[in-house]
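Here is the structure we will look at, set down as structure tokens.
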There are 2 protein chains.
Amino acid sequence: MGRAEIARSLGLSTQAVSNIIAELQEDGLLVETGLRSGGRGLPAMQYGVNSAGGYALGVEVRPDAIFTAILDLHGQTVVTRRRTLKSPEPAKVISKVLKLRDEMLAKTGLSEGQLLGAGVVMPGPFGQTGLSGLGSDLAGWQSVDAAALFEEALALPVELSNDANAAAMAERMALGLSHFAYLYFGAGLGLGIVNQGQLVTGIFGNAGEIGHVPVATPKGPLPLEALLSRVSVQEHLGKGPLDIAALGALFAEGDKGMMDWLDGACAALSQAVGLLENLFDPQTIILGGAMPAGVLDYLVAHTELPTLSVSNRADNPHARVQAGASGRMTATLGAAALILNRAFTPQAAAL
Amino acid sequence: MGRAEIARSLGLSTQAVSNIIAELQEDGLLVETGLRSGGRGLPAMQYGVNSAGGYALGVEVRPDAIFTAILDLHGQTVVTRRRTLKSPEPAKVISKVLKLRDEMLAKTGLSEGQLLGAGVVMPGPFGQTGLSGLGSDLAGWQSVDAAALFEEALALPVELSNDANAAAMAERMALGLSHFAYLYFGAGLGLGIVNQGQLVTGIFGNAGEIGHVPVATPKGPLPLEALLSRVSVQEHLGKGPLDIAALGALFAEGDKGMMDWLDGACAALSQAVGLLENLFDPQTIILGGAMPAGVLDYLVAHTELPTLSVSNRADNPHARVQAGASGRMTATLGAAALILNRAFTPQAAAL
DNA sequence: TGCTTAACTCAACCCACTTGAGTTATCAAG
DNA sequence: CTTGATAACTCAAGTGGGTTGAGTTAAGCA
């Protein structure tokens, strides 16, 4: 955008914008991106964010592994790292994260000072809740203030979030949506809710625990997670743990068990879609996370969209359900996106 | 609060606060509320909002009636009016609303200029959706820009909302909660969701359509609204339309049909509570609206709270479910509260 | 009685932003 | 090719909402 255009959209004078641009340019956060073509008057000098003006660190802590990534200001992945973990004990996690950070900085030639902040993803729910002890929480972290711990160790501002919320914010950056629900395939099934561009986190950051919501099946009500999650495919197939590539291969060859599971998953998803649409009135519902892209696409294509829904309207410009980013690193990249999102969106302190 | 206290909590200098207070006092929005007692130093002059500094108009349009109210800046009801309506045709509604406003102004001796804005409540969902034509929407309003229409007719800023959201905001003012879900008994069952002090409205303002969410019953899944709403009591009792007083009387005398209905309602509410808690992680869930207070209290007392919930935690300072304001005017007062809420909370324009 | 504490005022200052006039580069009509 | 309209941009002076720091007042406490 040019100065005048920015000024109009911000309600400032062009002079003010000029001053601010000069400052940001000096700090290396903005770069000229060429002159505007066509139109009357003096051609406007265009500006854009300098992708190298700063970097965001993303950290995902899993029970058995740590994933890290660095994104630039354009949201492009600069470098990623994965490391297995013997035990998720806080002290070990912290030292491993520091090591991975240093490795990534060394490899890319970046300095610690160029990191704007760190997004940290950990399995929720946070604190002692009625869902604790179901295997989804992280041993040794129940009574630890994780955000403060990382903040001190990394000497960076930290945003703590669960996997689904982080992945949702990454998708928000990519698609520019303001209202959506994000169904995230992790160990179980997570949900990120974005309303007016802001995450709906709940009072303790535990919003979006959709996995335990019951859905109707021919055999009676079952938790959504029992029909729509990686664990549920694996149990349905009965071949033990399978990684994304293995699931993708089974899907590609049209494996009977897989297609069978998909039938049940589509039925469950259809109910979840109805629920989410009627509760949140989103622009769209996005599926993403640790699932093969083909499976996500199949779910999107074959899920029956409920008619009894506020989203069943003729003037809806978005697909009601769509596939987002897939793969194992989705949440890690989303963690870093939390920092970018914070840097780029205005926050009002609510009373 | 005194100047120094305000300055600290706002991060401004005392001088800046002094200047602003002087201005607000001149405009009649602030009044001195006496000196602080006890403590060292010069006793602080306390200030509070002048309840007579402005007034908010609340309008609720129903298929067969119009309710209006005026609240002062403390949220106190100044005057209310009800008028039946033969047809909810836009032109008739507008002229009736103007008449009611003038009546209320005349009765209280207020002037039009003292009204800060109007909150308007209409039955949702807004626009053509998959839930249209189910009897909940208002004839003649489907393709009308209601907000603009009221804005022009009343020459006031207008906030348009559905009944549940409006009632939720009224409750927010009263209880000072930042995260909660509000189950509102209207014709059907509405839901208002507040996260970080802001309403979760969805992209078209239709969020919170919980009435059609299925819940499990011994006879198979039924819409929540079929078990937990005024219509459902009436159908269960089979005595035709009953007003709040009649329902309250039946409840007081322990009517068999009523207690029977309450059993089913509690079971349904229990499931709804689990759903809302796991999706939103609220501080509390509030029941309110057009139901006798006794019935709301009974529901709160006898609903089994699900254990499999993120809200089932020892350190939760709030009751998980509680009763809010009951009665027929709840949403109307909530409409006016929308204006007060807007006046008192900072809004960040999201990109 | 005198010291400490704290709220508040006064007056000078600061800085982000606006205002208004002037400059430059492009398009389009004569 | 010339001329005028259009639009982005710069320069320099001005403005207002805020800060800063010193001084004033009134209460509690030793």
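In what follows, chains carry the letters A, B, and so on, assigned in the order in which the sequence lines appear, proteins first and then strands, with residues in each chain numbered from 1.
- Following rounding to the nearest Å, B/Ile20 (CD1) and D/dG16 (C1') show an atom-to-atom distance of 12 Å.
- Donor-acceptor pairing under 3.5 Å is lacking for the side chains of B/Asn19 and B/Glu23.
- Once you apply a 4.0 Å limit to the heavy atoms of chain A, the touched nucleotides of DNA chain C run 5' to 3' over C/dC17 to C/dA28.
- Rounded to an integer number of Å, the gap from A/Glu32 CD to D/dA8 C1' is 14 Å.
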Nucleotides 11-13 of chain D: which of its N/O atoms have a protein N/O under 3.5 Å away?
{"from": "D/dC11", "atom 1": "N4", "to": "A/Gln15", "atom 2": "OE1", "distance (Å)": "2.8"}

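- Residues that satisfy the side-chain contact (heavy atoms from CB on, under 4.5 Å) test with A/Ala335, not counting sequence neighbours, are A/Val121.
- No side-chain donor-acceptor contact under 3.5 Å links A/Glu159 to the backbone of A/Ala118.
- The interatomic distance linking B/Ile21 (CD1) with D/dG18 (C1') rounds to 15 Å, in whole Å.
- Shown here are the ring-ring contact (aromatic ring centres under 6.0 Å, His included) partners of A/Tyr182, two or more places apart in sequence or in another chain: there are none.
- In this structure, CG of A/Leu42 is placed 18 Å from P of D/dA5, rounded to the nearest angstrom.
- A/Thr284 and A/Gln322 form a side-chain donor-acceptor contact under 3.5 Å, judged by distance and modelled atom types alone.
- Rounded to whole Å, atom P of D/dT19 lies 10 Å from atom CG of B/Leu10.
- Contacts of A/Ala4 classified as side-chain contact (heavy atoms from CB on, under 4.5 Å), with partners at least two apart in sequence or in another chain: A/Arg8, A/Thr14.
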Could you pull out all donor-acceptor pairs under 3.5 Å where a side-chain atom in residues 45-55 of chain B meets a protein atom, sequence neighbours excluded?
{"from": "B/Tyr47", "atom 1": "OH", "to": "B/Arg3", "atom 2": "NH2", "distance (Å)": "2.2"}
{"from": "B/Asn50", "atom 1": "OD1", "to": "B/Ala52", "atom 2": "N", "distance (Å)": "3.0"}
{"from": "B/Asn50", "atom 1": "ND2", "to": "B/Gly28", "atom 2": "O", "distance (Å)": "2.9"}

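- With rounding to whole Å, A/Arg40 atom CZ is found 10 Å from D/dA5 atom P.
- In this structure, A/Tyr47 places its OH atom 14 Å from P of D/dA8, rounding to the nearest Å.
- Nucleic acid contact for B/Ala44: sugar-phosphate only, since backbone atoms but no base atoms lie under 4.0 Å from a heavy atom of the residue.
- In terms of position on DNA chain D, the residue among B/Ser13 and A/Ser18 whose nearest nucleotide sits closer to the 5' end is A/Ser18.
- In this structure, A/Arg313 is positioned above the aromatic face of B/Phe204, its NZ or CZ under 6.0 Å from the six-membered ring centre and within 45° of the axis.
- Looking at heavy atoms from C-beta onward, A/Gln198 lies out of side-chain contact with B/Asn195 at the 4.5 angstrom threshold.
- Note on A/Ala4: only backbone sugar-phosphate atoms sit closer than 4.0 angstrom, heavy atoms only; bases stay farther off.
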